[in-house]
Amino acid sequence: MTDGLRRTLGTLDLTLLTIGLVIGSGIFIVPAVVLRSSGGSMGLALGIWVVGGILSLLGALTYGELGAMDAGSGGLYSYLRDAFGPWLAFLYGWTLLLVLATGSVATLAAAAARYFGEFVTLGPVAQKLFSVAMIAVLGVVNVLSTRKSATLQNAATAIKVSAILVMSGLLFALGSGGPPAAPAADSPSFMAGVGLAMISVLWAYEGWQYTTFAAGEALDPQRSFPRALVLGTLILIGLYVLANVAYVAALGGARVAASERVAAEAVTTVVGPTAGRLVAGAIMISMFSAALSIVITAPRVFYTMARDGLFFRKLAEVHPRFGTPAFAIVVGTLWAMVLAATGTFEQLLTYVVFIGWIFYGLGAIAVIILRHKRPDAPRPFRVPGYPVTPIVFTLAALAIVGNTIATRPRDVALGLLVVALGLPAYLIWRRKK
């Protein structure tokens with residue numbers, strides 16, 4: 001499959017892209033939630049982080065087969081289209097544009113603005129202006145060059161990975177530890193606590209799926225794409241486990257479980273109060289890297305939708321000079337700026353973020369469907385452990401969705417309404433086509 005985009009991304013680029021997409025603020029905050037939900041057992045908490053990483057790895061292996069077989073832009077959108085039909089793929093692309101990708105970029109930009117407030121005092125209006133300006137810069141960089149965007153992303157991801165490694169080293173070397181965590185009097189039952197911890201961990205690992213959107217710009221995608229997904233996920237598991245152990249080495253289990261900002265508290269305790277700014281800077285770079293990764297990848301879905309005749313035709317054009325899907329990038333960037341300026345992304349993401357996991361699970365099922373629909377298609381990479389691997393990942397996705405339905409039924413109903421609004425839009429585009 002050829003789609004007019006320049007293939008400039010190698011295995012290293014895709015690996016760092018995967019890592020950059022996943023590491024946002026989660027590893028700096030979520031470990032406390034996981035340890036509390038695990039009843040204060042550090043061994044159980046680490047086990048949950050490892051199991052969550054393995055489940056993500058199963059998904060990466062599954063998508064590795066799809067990406068190596070398809071090798072075009074659009075990633076998960078294309079897999080859903082080929083397995084289930086264009087209507088389901090359109091609903092995914094619709095939700096991605098309306099909320100999932102653009103809302104995530106707006107959220108990351110807003111969070112970066114808040115952390116920038118550690119260095120310069122910003123009022124509410126100034127924070128929104130900072131967020132909008134940051135998104136605009138990301139859009140311009142991506143329009144001008146995929147290669148330069150990837151280079152900037154590689155540097156930003158390398159910085160935040162180095163920050164985690166340096167932070168962990170300091171916490172190990174200088175931390176004195178503390179008492180182990182004790183179960184809280186109102187702690188949930190064992191199984192409920194483990195379930196809550198696993199959901200939190202899977203959220204922290206979420207994001208690697210976006211790498212599939214950039215497969216159309218990968219060099220030798222049949223080999224580089226699955227390698228990058230698997231290698232990136234393995235590195236993430238190692239980083240997450242290392243950071244969790246380092247927090248306990250610095251604070252002890254009890255303080256980790258009670259902390260609301262565990263990374264900042266651990267570094268401040270070990271290094272001193274001025275070190276809080278270092279953590280804020282690292283988190284801000286992490287936010288920038290994650291937002292940049294989304295702006296690099298998500299517009300490739302809008303571009304592919306337009307090529308399929310399911311979106312504005314202009315978005316299917318490749319810029320003659322820059323070789324990028326410039327119009328698709330501009331549309332996604334502008335909408336993310338609107339969400340950041342108005343603050344509506346917080347409500348929208350609350351309603352629909354769980355819906356992404358419905359599509360992730362369907363993407364794994366697509367492997368099984370396409371094995372039957374296209375038995376003779378070239379598959380230079382085949383998912384190990386088929387069909388158990390995609391089925392287990394799908395069950396993990398269903399667990400997240402089921403937990404959301406049980407705990408937030410009102411948000412689920414509103415989220416499904418947002419997605420359902422895409423059905424009349426799909427019919428309009430199909431009629432035009």
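Only this structure's heavy atoms are used, side chains among them; waters, hydrogens and symmetry mates stay out. The structure presented is a predicted model; accordingly, all values stated were derived computationally and were not measured.
- Within the 4.5 Å cutoff, the side chain of Val201 has no heavy atoms near those of the Val51 side chain.
- To the nearest 0.5 angstrom, Tyr115 atom OH is 13.5 Å from Phe130 atom CZ.
- Ionic pairing of Asp82 and Arg374 is present here: one or more N-O contacts between side-chain nitrogen and carboxylate oxygen are shorter than 4.0 angstrom.
- We find the CD1-CG distance between Ile48 and Leu55 to be 11.5 Å, quoted to the nearest 0.5 Å.
- For the atom pair CD of Glu65 and OH of Tyr79, the computed distance is 10.5 Å after rounding to the nearest 0.5 Å.
- Sparse packing is recorded around CZ of Arg261, with 12 or fewer heavy atoms of other residues, nucleotides or ligands lying under 6.0 Å away.
- Side-chain atoms of Ser38 never come within 3.5 Å of backbone atoms of Leu44 as a donor-acceptor pair (strictly under, hydrogens ignored).
- Contact record, Ile19 with Gly232: CG1-O, 3.9 Å, taken as the closest heavy-atom pair.
- Between the side chains of Thr157 and Ser289, at least one donor N or O lies within less than 3.5 Å of an accepting N or O.
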- prompt: Step by step, would you call Thr269 with Arg255 a side-chain hydrogen bond (donor to acceptor under 3.5 Å, both in side chains)?
  reply: CA-CA 11 Å; Thr269 299; Arg255 288 183 64 186; 3.1 Å; yes
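- Counting only heavy atoms from C-beta outward, the side chains of Thr15 and Thr211 never approach each other to under 4.5 Å.
- Closest heavy-atom contact between Ala250 and Val270: CB-CG2, 3.6 Å.
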message: Using side chain to side chain contact (heavy atoms under 4.5 Å, CB included), reason through Tyr247 and Phe28 one step at a time and then give a plain yes or no.
response: CA-CA 10 Å; Tyr247 294 148; Phe28 302 103; 4.1 Å; yes
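- A heavy-atom distance below 4.5 Å is not found between the side chains of Phe302 and Val331.
- Counted by atom type alone, Ser149 and Gln153 present zero donor-acceptor pairs between their side chains at under 3.5 Å.
- Distance alone, capped at 3.5 Å, places no donor-acceptor pair between the Glu265 side chain and the Ala263 backbone.
- In this structure the side chain of Arg371 reaches within 4.5 angstrom of the side chain of Val383, judged on heavy atoms.
- Using a 4.5 Å heavy-atom cutoff, the side chains of Trp94 and Leu421 are in contact.
- Between the side chain of Ser259 and the backbone N or O of Ala32, no donor-acceptor pair lies under 3.5 Å.
- A donor-acceptor pair is defined here as one N or O able to donate and one able to accept, closer than 3.5 Å; such a pair exists between the side chain of Ser37 and the backbone of Val33.
- Taking 4.5 Å as the limit, some side-chain heavy atom of Trp203 sits within range of a side-chain heavy atom of Ile400.
- Taking the ring centroids of Tyr77 and Tyr92, they lie at or beyond the 6.0 Å cut-off.
- The two residues Ser78 and Thr304 come nearest to each other via the heavy atoms OG-CG2, 4.0 Å.
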query: Yes or no on side chain to side chain contact (heavy atoms under 4.5 Å, CB included) for Thr389 and Val367, after CA distance, side-chain angles and deciding distance?
result: CA-CA 10 Å; Thr389 299; Val367 170; over 6 Å; no
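- The heavy-atom pair separating Ala336 from Ala106 by the smallest distance is O-CB, 3.7 Å.
- Ring centers of Trp357 and Tyr360: under 6.0 Å apart, within the cut-off.
- Interatomic distance, Leu423 CG to Ile428 CD1, rounded to the nearest 0.5 Å: 11.0 Å.
- For Arg379 (side chain) and Ala377 (main-chain N/O), a donor-acceptor pair under 3.5 Å exists by modelled atom type.
- Side-chain atoms of Thr297 come within 3.5 Å of backbone N or O of Ile294 as a donor-acceptor pair.
- To the nearest 0.5 angstrom, Ile23 atom CD1 is 5.0 Å from Leu236 atom CG.
- Residues Tyr426 and Leu91 fail the side-chain proximity criterion, which asks for heavy atoms closer than 4.5 Å.
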- request: Under the side chain to side chain contact (heavy atoms under 4.5 Å, CB included) rule, what do Arg223 and Phe381 come out as? Steps first, then yes or no, please.
  value: CA-CA 8 Å; Arg223 307 177 84 180; Phe381 176 84; over 6 Å; no
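- For Tyr205 and Tyr240, the gap between ring centers is short of 6.0 Å.
- Nearest heavy-atom pair across Tyr303 and Leu5 is CE2-CD1, 3.8 Å.
- Aromatic ring orientation, Trp208 versus Tyr63: perpendicular (interplanar angle above 60°, classes split at 30° and 60°).
- For the residue pair Thr146 / Arg300, a side-chain donor-acceptor distance below 3.5 Å is found, with atom types taken as modelled.
- Few gaps surround CZ on Phe172; more than 12 heavy atoms of other groups in view lie less than 6.0 Å from it.
- Taking both residues in full, the closest heavy atoms of Gly20 and Lys160 are given as O-NZ, 3.0 Å, listed atom of the first, atom of the second, then distance.
- For the pair Leu46/Val241, a side-chain contact is recorded, criterion being any heavy-atom separation below 4.5 Å from C-beta on.
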task: Go through Ile27 and Leu239 one step at a time and tell me if the side chain to side chain contact (heavy atoms under 4.5 Å, CB included) criterion holds.
output: CA-CA 9 Å; Ile27 190 56; Leu239 288 173; over 6 Å; no
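- Side-chain N or O atoms of Thr333 include none that pairs as donor or acceptor with a backbone N or O of Ala136 at under 3.5 Å.
- For Arg81 (side chain) and Ala89 (main-chain N/O), no donor-acceptor pair under 3.5 Å exists by modelled atom type.
- Atoms CD1 and CG, from Ile355 and Leu96 in turn, are 12.5 Å apart once rounded to the nearest 0.5 Å.
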